[in-house]
2 protein chains.
Amino acid sequence: MDTREALLNTAEQAVRRWGYNGFSYGDLSTKVGIRKASIHYHFPKKEDLALALIVRYRKAVFIMLEAIATQHKPAGQQLTEFINIYRQALGGCDTLCLCVALSSGPDSLNKDILSEITKFQTEAKAWLTSVFELGRSDITITKVTDPEKDAAACLALMQGAQLVARAGGDIEEFETAVAGLISRIST
Amino acid sequence: MDTREALLNTAEQAVRRWGYNGFSYGDLSTKVGIRKASIHYHFPKKEDLALALIVRYRKAVFIMLEAIATQHKPAGQQLTEFINIYRQALGGCDTLCLCVALSSGPDSLNKDILSEITKFQTEAKAWLTSVFELGRSDITITKVTDPEKDAAACLALMQGAQLVARAGGDIEEFETAVAGLISRIST
DNA sequence: GTCGGCCTACCTACTGGTAGGTATTAAAGT
DNA sequence: ACTTTAATACCTACCAGTAGGTAGGCCGAC
């Protein structure tokens, strides 16, 4: 397997579980089976790794979202699939969306990483906005008045629901929190 | 000033800015003007400090919530004040609700702290549930069907909105995210 | 004379990061 | 064909800094 990719995969798991400060080059080295110093060959600074991580993550998510959009399903169904992404990202209530995990402690994060997080959120809101717009016209999402605000609220709800569910260790908390949104989807 | 309280105040600011790993006894010692080792006299382990922190925070918040509840204002107004608490907790977009800050990286957090977070969220949801129940009967909150789910969604929305706003560094992101909820409040 | 509250001095573990060396491979020069 | 060069991908050994935490002493107040 590609070492670089193995490093990214391992680091991603760690960050989504414990946040940016929750992993070290030392941890990575034992888990990937490579000496600590060798990691610096692939990612000179920890920030480089983090940046590569979130760029990869953002692209991966938006490949998924574009795939959903190009199928031209009803808006309600697209929204359901969006919620599913966040539900699945929770795993066994011990992982978060990488963006949520990183945006919670942006102390150690430099400008580039922070702007990547912002970019992720901007793109997500844009995608959601068009879904809510579609939902208003194809009537598969009810009570849509301002798609942009709905999109912002939806994204915040997903992130918050992940946080609450993870803290409680119970995915049911996620379900309860998003139930209201789901009930607006009409088949 | 009471040293113990000064430690808690300083630590709280730090945690709300940078999370649990974002402060150290070394930081505290310089900021409070006490030697590092002396902090261990007040809080033998860092976990002890964190626990004291969140217990104090939870109690403080619920004194505020009870104060709001006992005034017996319309539900819409109570909800507005709840939102205000979270808005103010954001500060200049560099602080979070202590619970949000802590629940984002629960690696280093032991059982006691985690159960305090859960307790906070349970109590918050209970408070919100009764507000939404009231809102349904006094008709100051619209579209209330399931108060419990509304409460869970509301709490998640607040936490998520804080996260998004903090990452973007713009309080307008908070406003946009909660606009939909606010629009359900009828005067 | 005991105890609260603080101190100095120190410890181990670990952090991210650097310096410099070593196989292996592939291309380039003659 | 044979050598040289260079890049890749790793290594050992080390660094300064910081983390949380401990041992034991000092001193004023009751």
Side-chain angles (χ1 to χ4, degrees), chain A residues 1-56 98 101-102 104-114 116, chain B residues 1-54 56 101-102 104-114 116:
Chain A
M1 203 205 311
D2 189 351
T3 306
R4 191 187 157 92
E5 210 160 317
L7 284 169
L8 286 173
N9 291 338
T10 311
E12 183 177 321
Q13 283 299 312
V15 172
R16 287 177 49 189
R17 259 175 241 267
W18 307 302
Y20 182 73
N21 291 320
F23 80 102
S24 68
Y25 272 31
D27 297 337
L28 282 186
S29 79
T30 57
K31 279 176 193 154
V32 175
I34 193 182
R35 295 297 151 182
K36 197 184 64 159
S38 306
I39 305 178
H40 286 280
Y41 168 77
H42 298 279
F43 304 100
K45 315 261 164 186
K46 204 185 176 187
E47 290 175 348
D48 299 324
L49 203 167
L51 187 61
L53 214 55
I54 191 167
V55 168
R56 190 182 78 145
L98 185 69
L102 280 177
S104 46
D107 154 55
S108 5
L109 277 46
N110 65 26
K111 252 193 330 205
D112 295 323
I113 298 173
L114 221 53
E116 271 298 319
Chain B
M1 202 206 310
D2 188 350
T3 306
R4 192 189 157 91
E5 210 161 316
L7 284 169
L8 286 173
N9 291 337
T10 312
E12 183 177 322
Q13 284 299 312
V15 173
R16 287 177 50 189
R17 260 174 240 269
W18 307 302
Y20 182 73
N21 290 320
F23 81 102
S24 69
Y25 273 30
D27 297 337
L28 281 185
S29 79
T30 57
K31 279 177 191 154
V32 175
I34 193 183
R35 295 296 152 185
K36 198 183 65 159
S38 306
I39 304 178
H40 286 281
Y41 169 75
H42 299 279
F43 304 99
K45 314 261 164 187
K46 202 185 177 187
E47 288 176 348
D48 299 325
L49 203 167
L51 187 60
L53 214 57
I54 191 166
R56 189 182 79 145
L102 280 176
S104 46
D107 153 57
S108 5
L109 278 46
N110 65 25
K111 252 193 329 203
D112 296 324
I113 298 174
L114 221 53
E116 271 297 318

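The chains referred to below are lettered A, B, ... by the order of the sequence lines, with proteins before strands, and numbering in each begins at 1.
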Counting primed atoms plus P, OP1 and OP2 as sugar-phosphate and everything else as base, spell out the protein contacts along nucleotides 10-17 of chain D at 4.0 Å heavy-atom distance: B, S or - for each nucleotide, 5' to 3'.
SBBB----
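- Spacing between atom OH of Tyr25(B) and atom P of dA9(C) amounts to 22 Å, rounded to whole angstrom units.
- Taking CD1 from Ile34(B) and CG from Leu7(B), the interatomic distance works out to 5.5 Å, rounded to the nearest 0.5 Å.
- Taking atom CZ of residue Phe43(B) and atom P of nucleotide dG5(C), one finds them 12 Å apart after rounding to whole Å.
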Protein and nucleotides 1-3 of chain C: nitrogen or oxygen contacts under 3.5 angstrom:
none

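- Phe23(A) comes within 4.0 angstrom of the backbone, heavy atoms only, and of no base.
- The distance between atom CG of Asp27(A) and atom C1' of dG16(C), rounded to the nearest whole Å, is 12 Å.
- Under the side chain to side chain donor-acceptor pair (under 3.5 Å) criterion, Asp112(A) pairs with no residue at all, not counting sequence neighbours.
- Looking at Lys46(B), its side chain does come within 3.5 Å of a backbone N or O of Tyr20(B) through a donor-acceptor pair.
- With Thr10(B) contributing its side chain and Ala6(B) its backbone, the two residues share a donor-acceptor pair below 3.5 Å.
- Rounded to an integer number of Å, the gap from Leu49(B) CG to dA19(D) P is 14 Å.
- Ser24(A) pairs by the side chain to side chain donor-acceptor pair (under 3.5 Å) definition with Asp27(A), not counting sequence neighbours.
- As a whole-Å value, the separation of Lys46(A) NZ from dG16(C) C1' is 8 Å.
- Applying the side-chain contact (heavy atoms from CB on, under 4.5 Å) criterion to Ala11(B), with sequence neighbours excluded, gives Phe23(B), Leu28(B), Leu49(B), Leu53(B).
- Within the structure, ring pair (Phe, Tyr, Trp, His ring centres under 6.0 Å) contacts touching residues 24-50 of chain A (residues at least two apart or in different chains) are Tyr25(A)-His40(A).
- Rounding to the nearest 0.5 angstrom, the gap separating the NZ atom in Lys31(A) from the CD atom in Gln13(A) is 9.5 Å.
- Nearest to the side chain of Lys45(A), among dT18(C), dG16(C), dG21(D), sits dT18(C).
- The two atoms that bring Ile54(B) and Ile113(B) nearest to each other are CD1-O, 4.3 Å, heavy atoms only.
- Glu47(A) has its CD atom 11 Å from the C1' atom of dG16(C), to the nearest Å.
- In this structure, the side chain to side chain donor-acceptor pair (under 3.5 Å) partners of Arg56(B), at least two apart in sequence or on a different chain, are Asn9(B), Glu12(B).
- In terms of heavy-atom proximity, Arg4(B) sits nearest to Ala52(B) at NH2-CB, 4.3 Å.
- The distance from atom CD1 of Ile39(B) to atom P of dA19(D) is 11 Å, rounded to the nearest whole Å.
- Comparing the helix axis at one end of the helix from dG1(C)-dC30(D) to dT30(C)-dA1(D) with that at the other, each defined from 5 consecutive pairs, gives an inter-axis angle of 10° (nearest 10°).
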